[in-house]
Amino acid sequence: MTENVRRAGRHLRGFAERTFDRETVENVILPALADLQHESAGSDGGTVRRFARSIRAYWGFWKTMGMCAIGDVAHNKDRISTSLGGRTLIFLSIVVALLMLENASWMLSFGTTHGTGSTITAGALLLPSTIVLALPAAFFFAVAMFRPSAGIPSTRLRPSAVVGSIACAGITFALMMAIVPTTNQAYREHVFEAIKRTDVNAARGPLRKGFNEMTLPELNEHIRHASSSRQADLARANRDQRFAFVGTVFVLALLGLALAGRWRSRVATLVAALAIFVTFSVCFGFGASLNTYGYPAAYGAWTANGAFLVFALRLLRNAEG
Amino acid sequence: MKSVRLPTISAKERIVLELLVSSGSKYGLQLVDESRGRLKRGTVYVTLGRMQQKGLVESQHEPATDDADALVRRMYHATAYGRRVLDAWTAVARTFALEPGR
C-alpha cells in the first residue's frame, strides 16, 4: 500500500470520526474506507486505468459520506438538525425584522394615505425579497453560534450544516429566480395602483419590468433580444449576481463551520461572525459593481465568493489542526 | 389469533441477501460488482449498516495485516434470521406470481 493511500485513509478516517457518531463510523464509514484503500492500492492495469479506478473509488466513498450526512439529519442524531433548524428560524426572524425596519417609516406614511389594508399587502409583497436577503445571513449565524450539548464535539454539526446549506441554497434559488421577481412586480403594481387612486396626475399606462422584476426565463429572453450590447451586459450582470448569491449560502455555511466552537465565549464568536459577515457583504457588493468599470460581470459577481471560500477552507484546515 | 408483524426488506436489501445466500460471504465492493449494476458503491455500505442493525447480516473483519495504517476489510454474511426473511419474501413473491388474474 502506497504512502499516499495510507495518508488519505488516515485523513478521511479522522475526518469521519470527527463528523459522524461512532455507530455510523463503525458500521458504514470504516468498511467503505477499507474497501477504498484496498481498491486504490491494487496494482493491476496501467496508470490511466489505476487513476480512473481511484477516482471512481473516491467518488463512491464521498457519496457514502453524503448518504450518511442525510441519514444523520433525518434521524436527528444528538438533536443537532432540529436545534440548527430552530436557531436558523430565530436568526431569520431577527434579520427579517431588522431589514423590514428600514421600510417602516415609508410604510407608515403610505398607510396614512392609502389605508392599513393596502399597507399590509405592500408589506407582505416585500417579505420574499427580505427573506432572500436574510436567509444566508441567518443560516451563517445559526451555524457559527451553534453550541452542541456537553460531550459532543462541534464538528458533529457538519452533516446538518451541509444538508441545511443545500436546503437553504434551494430555497434561495427558487426565491431569487422566480418568487422575488414576481412579488417585486406585484409590489410595484400595487403601489402604483394605490397612487393612481389618490393622485389624478399620476402617470398612466403599464408598468415596465426592471431586471429585478424579471424571472430567470424572462431575464434570459431579455438578454437574447436586448436592444443594445450595454443592455445585454447589464442583464447578464444581474443574472450572474443572482447565481453568485445562491453560491453565497455555501460559502457562508463554510465560514460558519469554521467559526463554530472556535472560542468558548459566545460574545467573541458573535463579534467575529459579525466582522466576517460585514466584510463579506461589502466585498460582495463591490464585486457585483465591478462590471460598471468594464470588469467581466461573471468574475465580479463571484469574486467575493471565491476569496472567502479560500479563507473559509484555510480557517477550517486550521481548526482541524 | 395473535398478530405477527412481518419484517420488511427493501429491494436493495433483498438483492444483498440473495447474493450472500447464493454465494457466501462477501465484501461490500464484491456485492456491487456481482449485482450487475443493481447495487451502487455510494449506497451499499449504508444498506449493509442498516441490515446489520436489523439483524439480517453479520460482518467479520478479515485478518489484520502488519501495516498499521491499512484498514481491515469487512466480510458480510447472511444470518439465520436473514435467510428466513429472504425465504419468506421469496415465498410471498412466488405466491403472488402464481395467483391467477394478477
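In what follows, chains are A, B, ... by sequence order, proteins preceding strands, each numbered from 1. Atom set for the values below is all heavy atoms of this structure, side chains included, hydrogens, waters and symmetry mates excluded.
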Visitor: Between A:Arg156 and A:Glu17, does any side-chain N to carboxylate O distance fall below 4.0 Å?
Guide: no

Visitor: If you count heavy-atom pairs within less than 4.5 Å of chain A, which of B:Lys40, B:Gln53, B:His61 leads?
Guide: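 Highest number of pairs under 4.5 Å: B:Gln53.
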
Visitor: For B:Leu29, which atoms come within 4.5 Å of any heavy atom of chain A: side chain, backbone, both, or neither?
Guide: both

Visitor: Evaluate side chain to side chain donor-acceptor pair (under 3.5 Å) for A:Thr248 paired with A:Asn305, printing each intermediate quantity in order.
Guide: CA-CA 6 Å; A:Thr248 292; A:Asn305 280 351; 3.2 Å; yes

Visitor: Among A:Leu30, A:Ile29, A:Thr24, A:Asn27, which residue forms the greatest number of heavy-atom pairs with chain B at distances under 4.5 Å?
Guide: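 If we count pairs closer than 4.5 Å to chain B, A:Asn27 comes out on top.
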
Visitor: In terms of heavy-atom proximity below 4.5 Å to chain B, should A:Arg56 be classed as side chain, backbone, both, or neither?
Guide: both

Visitor: Would you say the rings of A:Phe277 and A:Phe141 are close, in the sense that their centroids are separated by under 6.0 Å?
Guide: yes

Visitor: Under 4.5 Å from any heavy atom of chain A, what part of B:Arg74 do you find: side chain, backbone, both or neither?
Guide: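 Contact with chain A: side chain only.
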
Visitor: Is chain B contacted by the side chain of A:Glu23, its backbone, both, or neither, given a heavy-atom distance below 4.5 Å?
Guide: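 Interface part for A:Glu23: side chain.
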
Visitor: Which pair of heavy atoms, one from B:Val57 and one from B:Leu17, lies closest together, and at what distance?
Guide: CG1-CD2, 4.3 Å

Visitor: Measure the shortest side-chain to side-chain distance between B:Arg50 and B:Ser10 over non-hydrogen atoms and say whether it is less than 4.5 angstrom.
Guide: yes

